[in-house]
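Sequential numbering from 1 along the given sequence is applied to the chain's residues.
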Amino acid sequence: MDFDVAEAGERVSSDDAQAAPRTLLCPASLAACKLCPRRCGAARAEGVAGACGAADTLRLARAALHMWEEPPISGEAGSGTIFFSGCPLKCVYCQNHEISTGNFGIEVPPERLVEIMLELQNQGALNINLVTATHYAHLLPYAVAEARARGLSIPIVYNTSGYERVDAVRELDGIVDIWLTDFKYADDLLARALSHISDYPQQAIRALAQMKRQIDARGGIVFDDEGIMQRGIIVRHLVLPGHADDSRRVLRMVWETVGDVPISVMNQYTPNAAMREAGGELARAVTDEEYELVLDCADDLGFTQMYWQEGGAVDESFTPAFDTTGVLPKQ
């Protein structure tokens, strides 16, 4: 993603936050999985796949430096992204469909996740960016604590669709330093049509409010001297063609829930093969007029720190190759 910025402390380590008792984020939760708001109850511990596509093993699709996140996340050195296979959402337009619904990836033990974090730090990553880890969040208390004990010192970014249980967010306090969260829809009917869930706005609002409370309790948003976020929150929204009105409603909901937080308004929607074949609004890119309507709404609401994308951001090159880079140890 290629962003422009409309503007920009001391970092608190994970150990400085008071962790909530973790009754949800523990391996025992896989007996009848309720990690995400779907609460499908799948017996993942017995190898049964949940609605997310994951069973009892950890699957990763890629682990590498990523240069196209927002400027305070990627900077010049890159964000250490770890892409998890599967996803609780089933967005029909997903650009990462190979891993989100195709569940592409390699099975690795949780110990490998620890090693990958340390390897990315050694490569110069500015942070560890956990991309769609919702359905593997039960592994994070162990993995992050072990990585910290072995020398991990950079922030943990939780890169999420926004469809999170508030209890899971609460139990990630002290583990996550930066919430990089989507807010996809204001209309629950639109969420049902495009992502096959009926309660997205309600769940996203509750999760977002909890994320903001945690950041505030730890002293608020912090950047280093280079403008790289060390602790904080960024709310992302992908503008969809034909749905600028819903996008404006999303921004109003964010403003009314958490006020003036950093936001990222993206125009990089790229129709996947299924959308091109189906035709209709989602078979095209977002128009300049649609995008400007949403950006103007953000300005009118009063957001003071906003990241946006120049024309030409619609490009499949912004989707990394899911080729298992960095997943297995080098021989």
Side-chain angles (χ1 to χ4, degrees), residues 12 14 17-42 44 50-52 54 84 86-91 130-144 156-188 190-192 195-221 231-237 249-263:
V12 176
S14 295
Q18 182 64 43
R22 294 185 176 111
T23 56
L24 178 62
L25 301 190
C26 62
S29 66
L30 294 197
C33 189
K34 297 180 181 178
L35 284 173
C36 85
R38 286 185 183 272
R39 305 188 193 205
C40 69
R44 290 177 58 191
C52 59
F84 293 78
C87 181
L89 300 188
K90 304 298 174 190
C91 302
L130 307 173
V131 184
T132 317
T134 304
H135 45 303
Y136 288 114
H138 63 290
L139 299 175
L140 299 184
Y142 154 78
V144 174
I156 298 293
V157 178
Y158 194 79
N159 189 333
T160 170
S161 69
Y163 192 60
E164 299 282 345
R165 285 190 59 183
V166 71
D167 288 342
V169 174
R170 187 177 295 114
E171 292 186 23
L172 286 167
D173 192 13
I175 296 172
V176 171
D177 299 296
I178 299 167
W179 298 97
L180 185 56
T181 181
D182 287 353
F183 203 116
K184 293 180 179 293
Y185 314 105
D187 186 339
D188 53 5
L190 185 61
R192 183 180 302 172
S195 295
H196 305 293
I197 47 172
S198 59
D199 59 348
Y200 182 91
Q202 299 90 334
Q203 298 292 348
I205 279 288
R206 295 181 67 214
L208 177 59
Q210 179 63 26
M211 294 171 190
K212 180 63 161 47
R213 279 194 292 270
Q214 289 175 195
I215 295 303
D216 288 347
R218 294 175 64 186
I221 298 173
R231 180 179 68 234
I233 184 170
I234 298 175
V235 181
R236 284 175 161 175
H237 177 69
R249 285 181 59 198
V250 164
L251 294 181
R252 293 189 195 100
M253 290 175 74
V254 172
W255 180 265
E256 291 166 2
T257 303
V258 292
D260 187 16
V261 298
I263 61 170

Does R165 form a side-chain contact (heavy atoms from CB on, under 4.5 Å) with L24? I'd like the steps, not just the answer.
CA-CA 10 Å; R165 285 190 59 183; L24 178 62; 3.7 Å; yes
Single hit among C40, C52, C36 for side chain to side chain contact (heavy atoms under 4.5 Å, CB included) with H135:
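Only one option passes, and that is C52.
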Pick from L180, V176, D177, V131: which one makes a side chain to side chain contact (heavy atoms under 4.5 Å, CB included) with V157?
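Filter result, single survivor: L180.
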Taking NZ, NE, NH1 and NH2 as the nitrogens, is one of them in D167 or R170 under 4.0 Å from a carboxylate oxygen of the other?
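Yes.
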Report yes if the side chains of [X] and [Y] come closer than 4.5 Å at any heavy-atom pair, otherwise no.
| X | Y | value |
| --- | --- | --- |
| L130 | L140 | yes |
| W179 | N159 | no |
| L172 | Y158 | yes |
| L208 | V235 | yes |
| V254 | K212 | no |
| Q214 | V169 | yes |
| H237 | K184 | no |
| D173 | I175 | no |

Any side-chain to backbone donor/acceptor pair from [X] onto [Y]? Under 3.5 Å, distance only.
| X | Y | value |
| --- | --- | --- |
| R231 | G220 | yes |
| E171 | T23 | yes |
| S29 | C26 | yes |
| S195 | I197 | no |

Please determine whether side-chain contact (heavy atoms from CB on, under 4.5 Å) holds for the pair L251 and I263, giving the CA-CA distance in whole Å, both sets of side-chain angles, and the decisive distance to 0.1 Å.
CA-CA 9 Å; L251 294 181; I263 61 170; 4.2 Å; yes
Rounded distance [0.5 Å steps], [atom1] in [X] versus [atom2] in [Y]:
| X | Y | atom1 | atom2 | result |
| --- | --- | --- | --- | --- |
| L190 | Y185 | CG | OH | 6.0 Å |
| I205 | Q210 | CD1 | CD | 13.5 Å |
| M211 | D216 | CE | CG | 13.5 Å |
| R249 | M253 | CZ | CE | 7.0 Å |

Does NZ or CZ of R206 fall inside the cone over Y163's six-membered ring, less than 6.0 Å from its centre and within 45° of the axis?
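No, cation not above the ring by the 6.0 Å, 45° rule.
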I need the minimum non-hydrogen distance between [X] and [Y], along with the two atoms involved.
| X | Y | value |
| --- | --- | --- |
| C33 | R44 | SG-NH1, 3.4 Å |
| D188 | P201 | N-CG, 3.9 Å |
| I215 | G232 | CD1-O, 3.5 Å |
| P141 | R22 | CG-CD, 3.6 Å |
| G174 | R218 | N-NH1, 4.4 Å |
| G162 | A207 | O-CB, 4.2 Å |

How are the rings of F183 and Y200 set to each other: parallel, tilted or perpendicular (split at 30° and 60°)?
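Ring orientation of F183 relative to Y200: perpendicular.
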Stepwise side-chain contact (heavy atoms from CB on, under 4.5 Å) test for H138 and L35:
CA-CA 8 Å; H138 63 290; L35 284 173; 3.6 Å; yes
Does T181 form a side-chain contact (heavy atoms from CB on, under 4.5 Å) with I234? I'd like the steps, not just the answer.
CA-CA 6 Å; T181 181; I234 298 175; over 6 Å; no
Tell me, yes or no, whether the heavy-atom count around K34 atom NZ, taken from other residues, nucleotides or ligands under 6.0 Å, exceeds 12.
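Count not over threshold, so no.
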